[in-house]
Amino acid sequence: MPELPEVETVRRMLESSVLGRTVRSVRLSGLKLRERVRPDLPRRLAGRRFVTARRIGKYLLLDLDGGLTILSHLGMSGRWLFHAQVPRRSPPHVHARIRFADGSQLWFQDPRRFGLLRLVETERLAADPSLALLGPDPVAEPLTGDGLLALATGARVSVKTFLLDQRRIAGIGNIYASEILHRAGLDPRTRAGAVRPERWAMVARETTAVLGEAIDRFGTTFSAYRTLWNEPGSNGENLRVYDRRGEPCQTCGTAIRRIVQGARSTFFCPRCQPAGQGRRPSERPVSGPSSRRNAPRGGRNRART
DNA sequence: ATCCTATCCTGTAGGC
DNA sequence: TGCCTACAGGATAGGA
C-alpha cells in the first residue's frame, strides 16, 4: 500500500521530471476510480504547465498554472509513471495519459481503482473534503511526544488503529504503523489514551526515523508500488516486523506474531512490545476469535502495496 | 461523539 | 494444468 514515503518518493520524482512541462493533451480510460474522473479534465488541462508538486499525508497535489490542481491518491495500487519514450505495448489499467509536447507522457495506472484523480481549483483546496479533515503531516511537522499525547487524549482505540487514522496523523498506513510500534517497544493493542508520555515520545521519534529511512530507500515494494520510473522501492529489507510472521525478531529472536486489528494485519514482537503499557481496547478480529483464519498464505511475495 | 463494519476493486496464492 | 476462493487494505458511508 502506498503510504507517505511512497507518495513522497513519487512527488520528488515528479518534481524533477514534470515541473515546467506543458500539457499537450490528455486521454482518459473513462473507468470509475474511487470516484468518477471529470470527463472535461482533458480539456481543462490542455495548455497548462505543471508548476508545483506537493504532498499532504498520502495525497499528491499537482498544481498547474492558471489556478488548477490535480488532487491525486494512489489508493492500493495506483501508480504515476513517467515515460520519456512511450513503450510500444501499452499496459492495462492506465486511466489517464498526459502527453507533453516532446512526446513524453505521464500516466496514472491503477488496477484496483481505489485511487483518486480529482480536479480542484487551487484556491479551494483547503476546503476539499478529502483534505479538510487530515491531521498533521509527520514529515512536514515532525511529531512530538506532547503533541501525540494531546491527540490521543480520551481515545479508546488501540494505538495501532490510532496511528492509521488519517484525521489524527496523515500519512501512516498499515506497514509503517507496525514498524513504528515495534521500534517504540509498544504493544499495538494498547489503548491509545492509556499510552504513557515517555512512550509517546518514543513513538514520535521512531515515526520520524521509520518514515525518513523509507523515503531514503524510495519506499517499500511488495508488488504493486512502483516509483515514477516504474522501479520498486528497496525499503522492504529494512522492515523489522511487517509481513514477517514467524521470523525471529531482529532484536531478541522471539517469533514475530500476526494479529488482526480492525480487519487489518498487525505484526509485532511479543517480547520487545510487551503488554501492560496500558489497558487494552476491546478490538477483536472480524471473523471471530480465530485469527488463524485470516492468516496470509503467501510468503513475502504476496500481492500487496 | 465515537467507534466499528462493510464496501469498493483486481491480482495472486494456494487448494484441489 | 486450471479452476475456484479468499485475502490484501486505501478511504469512507452509514450503522451501532
Side-chain angles (χ1 to χ4, degrees), chain A residues 1-7 10 29 31-37 55-60 71-80 91-95 108-118 128-135 151-179 188-189 191-193 219-226 236 239 242-245 258-267 279-288 290-305:
Chain A
M1 332 94 248
E3 307 179 24
L4 187 154
E6 289 74 34
V7 181
V10 173
S29 71
L31 292 177
K32 191 187 169 199
L33 301 178
R34 188 205 300 183
E35 67 185 28
R36 214 166 100 84
V37 181
R55 181 193 55 75
I56 304 176
K58 301 174 193 171
Y59 285 89
L60 201 54
L71 178 62
S72 163
H73 194 291
L74 299 177
M76 295 298 303
S77 59
R79 298 170 176 170
W80 281 102
H93 309 299
V94 178
H95 301 291
F108 187 77
Q109 181 187 32
D110 186 5
R112 292 178 61 182
R113 295 195 266 140
F114 288 177
L116 175 71
L117 283 183
R118 183 188 293 161
D128 187 276
S130 294
L131 301 180
L133 298 179
L134 289 182
L151 279 174
T153 302
R156 286 177 301 189
V157 290
S158 72
V159 65
K160 161 73 181 327
T161 299
F162 174 88
L163 289 179
L164 288 181
D165 186 346
Q166 304 299 301
R167 294 167 303 184
R168 293 183 154 116
I169 305 160
I172 298 173
N174 208 43
I175 295 176
Y176 299 114
S178 282
E179 294 298 310
R189 298 163 294 188
R191 197 156 59 84
T220 302
T221 293
F222 281 93
S223 74
Y225 163 72
R226 292 292 186 281
L239 300 182
Y242 184 81
D243 205 33
R244 295 196 186 278
R245 181 171 67 148
R258 174 188 181 272
I259 58 174
V260 174
Q261 295 178 286
R264 266 92 180 115
S265 305
T266 302
F267 298 87
R279 210 164 288 149
R280 290 182 189 173
S282 56
E283 275 178 347
R284 298 266 302 274
V286 246
S287 20
S290 166
S291 57
R292 289 183 64 79
R293 282 183 53 190
N294 287 325
R297 286 161 304 188
R300 312 214 91 244
N301 293 322
R302 192 97 173 67
R304 255 187 281 260
T305 303

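Chain A is the first sequence line, chain B the second, and so forth, proteins listed ahead of strands; every chain is numbered from 1.
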For C:dT12, does OP1 or OP2 lie under 4.0 Å from any side-chain N or O of A:Ser130?
yes

Please confirm whether the backbone N or O of A:Lys32 pairs with a side-chain atom of A:Arg113, one donor and one acceptor, at under 3.5 Å?
yes

Output for pair (A:Ser158 OG, A:Ile259 CD1), nearest 0.5 Å, gives 8.0 Å

Tell me what A:Arg168 touches on the nucleic acid: a base, only sugar-phosphate, or nothing, going by heavy atoms under 4.0 Å.
sugar-phosphate

C:dG10, OP1 or OP2 - any side-chain N/O from A:Arg34 closer than 4.0 Å?
no

Residue whose nearest DNA chain B nucleotide is more 5′ - A:Gly154 or A:Pro92
A:Gly154

Could you tell me whether the phosphate oxygens of B:dT10, OP1 or OP2, come under 4.0 Å of any side-chain nitrogen or oxygen in A:His93?
no

If we check side-chain hydrogen bond (donor to acceptor under 3.5 Å, both in side chains) with A:Ser130, which of these qualifies: A:Gln166, A:Glu35, A:Arg118?
A:Arg118

Starting the side chain at C-beta, find the nucleotide from B:dC3, C:dA11, C:dA8 nearest to A:Ala155.
B:dC3

Just one of A:Tyr176, A:Tyr242, A:Tyr225 clears the side-chain contact (heavy atoms from CB on, under 4.5 Å) bar with A:Thr220, so which one?
A:Tyr176

Under 3.5 Å, which N/O atoms of the protein pair with N/O atoms of nucleotides 7-9 of chain B?
from  : atom 1 : to       : atom 2 : distance (Å)
B:dC9 : O4'    : A:Arg112 : O      : 3.4
B:dC9 : O3'    : A:Arg113 : NH2    : 3.3
B:dC9 : O2     : A:Arg112 : NE     : 2.9
B:dC9 : O2     : A:Arg112 : NH2    : 3.2

Could you tell me whether the side chains of A:Arg245 and A:Ser265 share a donor-acceptor contact shorter than 3.5 Å?
no

List the atom of A:Arg191, the atom of A:Arg156, and the distance in Å for their closest heavy-atom pair.
CG-O, 3.2 Å

Length of the line joining A:Leu33:CG and C:dT12:P, which is rounded to integer Å:
14 Å

Using side-chain hydrogen bond (donor to acceptor under 3.5 Å, both in side chains) as the criterion, point out the one residue from A:His95, A:Arg79, A:Arg226 that pairs with A:Gln109.
A:Arg79

Given atom CZ of A:Arg226 and atom C1' of B:dG11, what is their separation to the nearest angstrom?
13 Å

So if I take every side-chain heavy atom of A:Glu3 and compare against C:dG10, C:dA11, C:dA8, which nucleotide ends up nearest?
C:dG10

State, with a plain yes or no, whether a side-chain heavy atom of A:Phe267 is found less than 4.5 Å away from one of A:Asp243.
yes

Five-pair end axes of the helix from B:dT2-C:dA16 to B:dC16-C:dG2, angle between them (10°):
50°

Integer-rounded Å distance: C:dT12 C1' and A:Leu164 CG:
15 Å

Heavy-atom closest pair, residues A:Arg168 and A:Val157:
NH1-CG2, 4.1 Å

Under 4.0 Å from OP1 or OP2 of B:dT2: is there any side-chain N or O of A:Arg191 that close?
no

Which part of the nucleic acid, if any, lies within contact of A:Tyr59, taking any heavy atom under 4.0 Å across all strands shown: a base, the sugar-phosphate backbone alone, or nothing?
sugar-phosphate

Mind calculating the distance between CG (A:Asp243) and P (C:dC7) to the nearest angstrom?
15 Å

When the distance from CG of A:Leu71 to P of C:dA11 is rounded to whole Å, what number comes out?
12 Å

